[in-house]
Amino acid sequence: MSQNPSKVSKGTSKNSSASSWSLLGYLGIGAFFGIVLLKSEAVSWFRIQEMFRFQGFYMYGLLMTGVLTSALVLAVFKKLGMRSLTGEKVSVGDKPWQPGQRHRYWLGGIVFGLGWGLAGTCPGPMYALLGYGVGAAAVALLSALVGVRVYALLAKRLPH
Amino acid sequence: MIETLSQPWPWYVAGPLIGVTVTLLLLLGNKTFGVSSSLQHVCAATVPGQNPYLCYDWRQSGLWNLVFVLGIVLGGVVTGLWLSSPEPVAIAETTVADLAALGIANDGGLMPEEIYSLQALTSPAGFLVVVLGGFLVGFGARWAGGCTSGHGIMGLANLQLPSLVAIVGFFIGGLVSTHLLLPLILGGTTR
């Protein structure tokens, strides 16, 4: 007699149980990433100043090794036709690059950069600092949300 | 163990760990690493109005991302409780001197109290840095379709030309803020 409940649930209610388990997984991966952001001190306004003044290698080393390891893993996954736990073939969508979708990158990029240079925090660090107990990060995050809301209002009229 | 982890981590450790984050998201649910879309999902979940940009099924496309950023907050809590280090951020001496000339001291803590704190929000410099800076980060990230994580890490790792263009933009903006705007903002109030 196979009364093993885990065996039964594996076959029958795969989707519902998998999704709540996977949400717990995203929470864990997020926590891991938050710790990495804080312990690398990439969340620090000082670090970002050092970067934009070209006076230290830290942020460049961090971003380059981050990109390199990600690129390597992605290339290997694509080559092997790796599947995720959900059974999908691992793939990362292309960013749109047709006419009408080209100007947004440098225009939006410059606006983002102006903010990054002032606040010294991009969205990931805002969340991490909020948890760390930096009250002003909550204000920065709220301001970023207002920024998104205003972007949504103006999006039709902005060049993209 | 905790003591070692509490020290700041070198870039050659932390950088590959960002790659590990990207890998785990791909493996768990074929999810593309990115943080700033969560801001759009928060707006869609709270005050979408009639806006086509904010009226979509955020539970379907964005729930995982919202839980992911909630995790980042949680990681911040964990670090604050058990892994924080009291030393000032180990930035270059030249940066310390440049910032001191602008009235910003690197005397412990991740953020400069003079501008990036709740008390400083009422000063013009603190308001501009935190509120205006935060606003531009949100506005620009969604206009560009990604932030440091989505374009800077994931887009580049996926060899996306648009992401390279966005990063050049990030740097143009950041250089203007650092070398033109910040001296104006800080020079006017702290000296």
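Letters A, B, ... mirror the listed sequences (proteins, then strands); counts begin at 1.
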inquiry  = Counting only non-hydrogen atoms closer than 4.5 Å, does A:A42 touch chain B with its backbone (N, CA, C, O), its side chain (CB onward), both, or neither?
reply    = neither

task = Answer yes if the side chains of B:N51 and A:K156 hold a donor-acceptor pair under 3.5 Å, and no otherwise.
result = no

request  = Look up atom CD in A:E88 and atom NZ in B:K31, then write down how far apart they are to the nearest 0.5 Å.
outcome  = 6.5 Å

ask   = Quick one: of A:V73, A:L72, A:V90, A:L142, who has the most non-hydrogen atom pairs under 4.5 Å with chain B?
value = A:V90

inquiry  = Using 0.5 Å steps for rounding, measure from the CG atom of B:L24 to the CZ atom of A:F33.
reply    = 12.0 Å

task = Just give me the residue among A:L63, A:L153, A:D94, A:L154 that pairs up with chain B most often, heavy atom to heavy atom, under 4.5 Å.
result = A:D94

request  = With a 4.5 Å cut-off on heavy-atom pairs, point out which of A:V134, A:V150, A:L118 contacts chain B the most.
outcome  = A:L118

query = Between A:K78 and chain B, which part of the residue has a heavy atom less than 4.5 Å away: side chain, backbone, both or neither?
reply = side chain

query = Given the options A:S40, A:G93, A:G61, which has more heavy-atom pairs under 4.5 Å with chain B than any of the others?
reply = A:G61

task = Considering non-hydrogen atoms only, spot the tightest contact between B:S38 and A:Y127 and give its length.
result = OG-OH, 2.7 Å

request  = Please determine, among A:I48, A:V146, A:L141, A:L107, the option with the most heavy-atom pairs under 4.5 Å with chain B.
outcome  = A:L107

message = If I measure from the heavy atoms of chain A, does B:T46 come under 4.5 Å with its side chain, its backbone, both, or neither?
response = neither

With A:L23, the side chain to side chain contact (heavy atoms under 4.5 Å, CB included) member among B:L28, B:L66, B:L70, B:V67 = B:V67

remark   = Value for CG (A:L130) from CG (B:L74), rounded to nearest 0.5 Å, stands at 11.5 Å

message = Can you tell me how far apart OG (B:S85) and CD (A:E41) are? Round to the nearest 0.5 Å.
response = 5.5 Å

query = How far apart are the closest heavy atoms of B:R142 and A:R104, and which atoms are they?
reply = O-NH2, 3.2 Å

No-hydrogen, no-angle side-chain donor-acceptor test under 3.5 Å, B:S163 and A:Y105 = no

note = With chain B, the option among A:L74, A:L114, A:T121, A:T69 that has the most non-hydrogen atom pairs under 4.5 Å is A:L114

key: A:Q49 and B:T95 side chains, donor-acceptor separation under 3.5 Å   = no

